[in-house]
Amino acid sequence: MEIGASTMAAREIAINKQNVEQDILQKTLEKTEQSHQNEVSKPVAQPSNEKQGGIDLYA
C-alpha cells in the first residue's frame, strides 16, 4: 500500500489538531485553577451595619 501526499497531510493535520486541543484544555484547566485560588484567597466582604438584618422589598 502506498502512502500518498494527501494521506500524510491529513495525518499531520490530525496530529496538529490534537496538539491544539490539548493546549487549549491545559490553558483552560490552568485558568480554572487560578480563578479558584483567587476566590479562596479573596476575603469575604462583610455588610455594613446599615444593611445587616434589613429586608428589602421591591415592587
Side-chain angles (χ1 to χ4, degrees):
M1 180 175 142
E2 188 176 321
I3 298 175
S6 61
T7 304
M8 292 300 289
R11 184 174 185 202
E12 188 67 27
I13 289 171
I15 291 171
N16 287 342
K17 184 178 177 184
Q18 285 179 332
N19 289 340
V20 168
E21 288 172 352
Q22 285 294 325
D23 288 345
I24 291 171
L25 177 62
Q26 184 64 36
K27 288 178 183 178
T28 302
L29 291 173
E30 288 172 0
K31 290 273 187 179
T32 303
E33 181 65 28
Q34 186 180 44
S35 67
H36 178 68
Q37 287 177 356
N38 289 343
E39 288 177 6
V40 170
S41 65
K42 188 174 16 173
V44 176
Q46 296 294 327
S48 66
N49 288 336
E50 299 166 356
K51 295 193 178 202
Q52 268 185 326
I55 297 174
D56 295 331
L57 297 176
Y58 297 99

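Side-chain atoms are counted along with the backbone in the values below, which use heavy atoms only and exclude waters and symmetry mates. Predicted, not measured: the structure shown is a model, and the values here were computed from it.
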Can you tell me how far CD of Q22 sits from CD of Q18, rounded to the nearest 0.5 angstrom? 8.0 Å

Residue set satisfying side chain to side chain contact (heavy atoms under 4.5 Å, CB included) with T28, at least two apart, ordered chain then number -> I24, T32

Under the rule for side chain to side chain contact (heavy atoms under 4.5 Å, CB included), what residues qualify as partners of E30, not counting sequence neighbours? Q26

